[in-house]
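Order of the sequence lines fixes the chain letters, A, B, ..., with proteins taken first and strands second; residue numbering starts at 1 for each chain.
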Number of protein chains: 2
Amino acid sequence: MERTNYEASNCSIARTLQVLGEKWTLLIIRESFYGATRFEQFHRVLQCPRNLLSERLVLLVEEGILERSQYREPGSRARMEYRLTDKGRELMHIMLAFMQWGDRHKADPEGPPVVARHAACGRELHVTFACSKGHIVTEPDDIDLVPGPGALPPVPA
Amino acid sequence: MERTNYEASNCSIARTLQVLGEKWTLLIIRESFYGATRFEQFHRVLQCPRNLLSERLVLLVEEGILERSQYREPGSRARMEYRLTDKGRELMHIMLAFMQWGDRHKADPEGPPVVARHAACGRELHVTFACSKGHIVTEPDDIDLVPGPGALPPVPA
DNA sequence: GCTCTAGGTTCAGATAGTTAACTCAGAATG
DNA sequence: CATTCTGAGTTAACTATCTGAACCTAGAGC
């Protein structure tokens, strides 16, 4: 299974896209967050081609984002289930960032189908940035993107 | 320009992917955040096919994520530039969520090429969730995903 | 022994992405 | 003022990926 190469630069975004950037992948993960665990569940909701679903699940397991295991309901034969690993659950930030932007700019008139709440207090959550001093930042303008240790030479004008 | 349809459910994530989910799109936006504004700048860094770059830029302008305008450097002819709109700048959350996951799980040994800092205090930022009461949540387990006003019937087991 | 279901696999045809060559206008060069 | 150069695309042939549908298999239920 050869996959496309975005690697023109040392970039975590590109490397992450190499895993998540194919069609359906992020929606499969969305369904995992919403509670789907079985092939037919994913397929019923997403209505994506079965072979792609199959390929993507294999890939996500290889990447350590999902975990595949057999289980057996009493009186039923053994089946496979796919569950998010810790690494997969850390994709929550990406999911909710997508959801938040979409709710803001691509909203359905009915309102959002899913809302994220703080389990402890029940209030609605939104994606923010926090610095190590505890400052919460929401405005893009309050963020500086600066070269890090693995920086490449800047883009020539 | 027909685009693919992910719409099996009322979902902001799917609708956002319909705009950002095609190949190269998110990397074009990454470059916008890093300061690229001109066709050849994007192309030099990304090394993507020129026709796709061209198509994607048109699309991002149509979507109101980039703004296209003419400008003229003295002694040079008029050129086009592409700049993030406010709507585009709000994609920062998605960008940094990708970057953070990638830095954690797909890191380059050199370290990250770009770091996000709080403009006011200079400290490193990370993506978090905050509720309206000001609680900061980082653990996926502290988040409940609950049906919102536009909810669809739940996935049958 | 036949049918149903979950979880896939196979394959032909359509769509999207890639590669490389070409265009075109204005600036610079000679 | 003819020629080359550069930025910003366009075009066309080719390749890879995705889609839709049919097919397969093992175990459960009838």
Between [X] and [N], is there a side-chain N or O to OP1/OP2 distance below 4.0 Å?
X	N	value
S54(B)	dA8(D)	no
W24(B)	dA16(C)	no
Y82(B)	dG9(D)	yes
Y71(A)	dG7(C)	no
R68(B)	dG9(D)	yes
K23(B)	dT18(C)	yes

When you get a sec, tell me which of [options] is the closest nucleotide to the side chain of [X]?
X	options	answer
R38(A)	dA6(C), dC11(C), dT6(D)	dA6(C)
R72(B)	dT10(C), dA27(C), dT11(D)	dA27(C)
P49(A)	dA27(C), dG20(D), dA8(D)	dG20(D)

Salt bridge E81(B)-R72(B), side-chain N to carboxylate O under 4.0 Å: no

Residues forming a salt bridge (charged side-chain N to carboxylate O under 4.0 Å, His left out) with R79(A), sequence neighbours excluded: none

Toward the 5' end of DNA chain C, by each residue's nearest nucleotide, L57(A) or L52(B): L57(A)

Ring centre gap for H93(B) and F98(A) strictly below 6.0 Å: no

Atom pairs and distances, donor-acceptor, side-chain atoms in residues 114-127 of chain B, under 3.5 Å, two or more places apart:
from    : atom 1 : to      : atom 2 : distance (Å)
R117(B) : NH1    : G122(B) : O      : 3.0
H118(B) : ND1    : H135(A) : ND1    : 3.4
H126(B) : ND1    : A130(A) : O      : 3.4

side-chain hydrogen bond (donor to acceptor under 3.5 Å, both in side chains), paired with H105(A), selected from E63(B), E90(B), K87(B): E90(B)

Nearest-0.5 Å distance that lies between atom CZ in R56(B) and atom CG in L27(B): 11.0 Å

Polar contact flag, side-chain donor to acceptor under 3.5 angstrom, T128(B)-T128(A): yes

Bend angle of the helix from dG1(C)-dC30(D) to dG30(C)-dC1(D), end axes from five pairs each (to 10°): 10°

Sugar-phosphate, base or nothing in reach of R79(A), heavy atoms under 4.0 Å: sugar-phosphate

Heavy-atom donor-acceptor pair, R77(A) side-chain to dT5(C) base, under 3.5 Å: yes

